[in-house]
Number of protein chains: 2
Amino acid sequence: MAVTDEAIEKIKGMIVSGALRPGDRLPKESELAAELGLSRNSLREAVRALSLIRILDVRQGDGTYVTSLDPQLLLEALSFVVDFHRDDTVLEFLAVRRILEPAATAAAATRISEDQLDALARQLDELGDDPSVEDLVAADLEFHRGIVSGSGNSVLCSLLDGLSGPTTRARIWRGLTQEDAVGRTLREHRAILAALRDRDAEAARSWATVHIASVEQWLRSTL
Amino acid sequence: MAVTDEAIEKIKGMIVSGALRPGDRLPKESELAAELGLSRNSLREAVRALSLIRILDVRQGDGTYVTSLDPQLLLEALSFVVDFHRDDTVLEFLAVRRILEPAATAAAATRISEDQLDALARQLDELGDDPSVEDLVAADLEFHRGIVSGSGNSVLCSLLDGLSGPTTRARIWRGLTQEDAVGRTLREHRAILAALRDRDAEAARSWATVHIASVEQWLRSTL
DNA sequence: CACGGCTCAGACGTCCGATGTATCCCGCCA
DNA sequence: TGGCGGGATACATCGGACGTCTGAGCCGTG
């Protein structure tokens, strides 16, 4: 195994074992390199790789730190990976989302707070009845993010966030300027919100399913 | 933005735009470095980072290639990330698995082939009635992997594979400490298999839920 | 002609040392 | 007391040199 890969494993080991805790500062590059028995250049490759997936946070002029390791942070890397997938696998990603999102919405029905519901309602009102496609897409992302965060599961939240990534969503919506897609989306959002207000998990789940299925159906007919 | 990060973005761009296709070979490091306007050292950091998440495949003495970009391959990086999470988030991962696995099992009920079912049955038979805990856990992973792959969704399959990692340790503890966990697991596996044979999606879904919920319940009472 | 070992050019792996640049922190001065 | 330099520190980047591995073609042998 290459020394760089060894270094990656060793740093990972230090974190997993607890020798390095979230927020901790690593020894400076030259020291750590000596400690792990490799050159600074090779060590930097290891650090750079770990920083791409948000394990480490390097700050020029300051030092290198272990990130918070929050699920949210770490799963951000997922969206980077998702970006590489072409249209032929978008349907599979959407299928996964179709499983997760209704479940998350149902969970939110019993756990989301009134404040969060108010915030969602306010957001929908501010959007108006005839928003631009760009605004709608942004609002759509925000709306679902808000609901899923109400499920209280940060892993689920980050996962869905990654799956619904900007690329996928943008690509889908770009062509979806079709007939009444905007109005339909808005109505479905309001229906989901109403179900959450009623604390009706099954209704919320169903509306979420309908919401995603309509996108899926459209996408399937288009590809 | 640092030159290395620029390089990462540029390489990513070349792949996403289709200028580089899966399996393609990149220009040699010195050439690519010159092309992107940075030093070979810095370029190597970018390449190393992309290779950690399985976007690129570097072969010493040969060259650097774009991987197949299969969802399975790319989501392998997920398990690397998941490894960093401590026990306090295991429950959240398990909750996500509890959503996905029953859905995947239900989907498999209608799509899995007879050959795949035979393979699963054979695997269960080979395990015997009183396996070691390690064997059981390995077989458990394999069993679920086999079923999920029967769902026909490779993204779902890889995702569950990644998520199952952290709960593996939990399963080992359980097997070691809980009375009859081995027998119970075996019985549940056979029940799931029977439901799949019957092409009974709802029964399969329910058994999968029961199967995971029992682990979750035990884990919750222990932590 | 087919096969296998050998040689060699090419490409990645690793290291060194030097210089640039951003941050932090402390002491100086008003 | 508070704002302002100016090191000291640590990461950023570079260029070059040398080691190591791989793939492919050459060449002798059966």
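Lettering follows sequence order; numbering is per chain, from 1.
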Asks: Does any N or O donor sit under 3.5 Å from an N or O acceptor when you compare the side chain of A:Arg40 with the base of D:dA12?
Replies: yes
Asks: Would you kindly give the CD-to-C1' distance between A:Glu45 and C:dC16, to the nearest whole Å?
Replies: 15 Å
Asks: Quick one: does A:Glu101's side chain have a donor or acceptor within less than 3.5 Å of a partner on A:Leu160's backbone?
Replies: no
Asks: Roughly how many Å is it from CE in A:Met1 to P in D:dT20, rounded to a whole number?
Replies: 19 Å
Asks: Considering only NZ, NE, NH1 and NH2 on the basic side and carboxylate oxygens on the acidic side, decide whether A:Arg220 and A:Glu216 come within less than 4.0 Å.
Replies: yes
Asks: Measure CD/B:Glu29 against P/D:dC14 and give the value in whole Å, please.
Replies: 14 Å
Asks: Side-chain N or O of B:Thr64 versus OP1/OP2 of C:dA11: is the shortest distance under 4.0 Å?
Replies: no
Asks: Can you tell me the distance, in whole Å, between the CG atom of B:Leu38 and the C1' atom of C:dG20?
Replies: 16 Å
Asks: At under 4.0 Å between heavy atoms, what does B:Arg59 touch on the DNA or RNA strands: base, sugar-phosphate, or nothing?
Replies: sugar-phosphate
Asks: Check the phosphate of D:dC14 against B:Ser42, side-chain N and O only, distance under 4.0 Å to OP1 or OP2. Yes or no?
Replies: yes
Asks: Does A:Ser30 reach a base, just sugar-phosphate, or nothing at all? Heavy atoms under 4.0 Å.
Replies: nothing
Asks: Any Lys/Arg nitrogen of B:Arg48 or A:Asp5 sitting under 4.0 Å from an Asp/Glu carboxylate oxygen of the other?
Replies: yes
Asks: Can you measure A:Lys28 atom NZ to D:dA8 atom C1' for me and round it to whole angstrom units?
Replies: 10 Å
Asks: What's the CG-P distance between A:Leu36 and C:dG13, to the nearest Å?
Replies: 19 Å
Asks: Check the distance between C:dC25's C1' and A:Arg25's CZ and give it to me in whole angstrom.
Replies: 12 Å
Asks: Parallel, tilted or perpendicular: which one describes the rings of A:His144 and A:His189, with boundaries at 30° and 60°?
Replies: perpendicular
Asks: Could you tell me how far apart B:Arg44 (CZ) and D:dA17 (P) are, to the nearest whole angstrom?
Replies: 18 Å
Asks: On DNA chain C, nearest-nucleotide positions of B:Glu31 versus B:Arg48: which is more 5'?
Replies: B:Glu31
Asks: Could you check whether any side-chain heavy atom of A:Phe93 comes within less than 4.5 Å of a side-chain heavy atom of B:Leu159, counting everything from C-beta outward?
Replies: no
Asks: When you get a sec, tell me which of C:dC16, D:dA12, C:dA11 is the closest nucleotide to the side chain of A:Gln60?
Replies: D:dA12
Asks: So what does A:Asn41 touch, heavy atoms closer than 4.0 Å: a base, only the sugar-phosphate, or nothing?
Replies: base
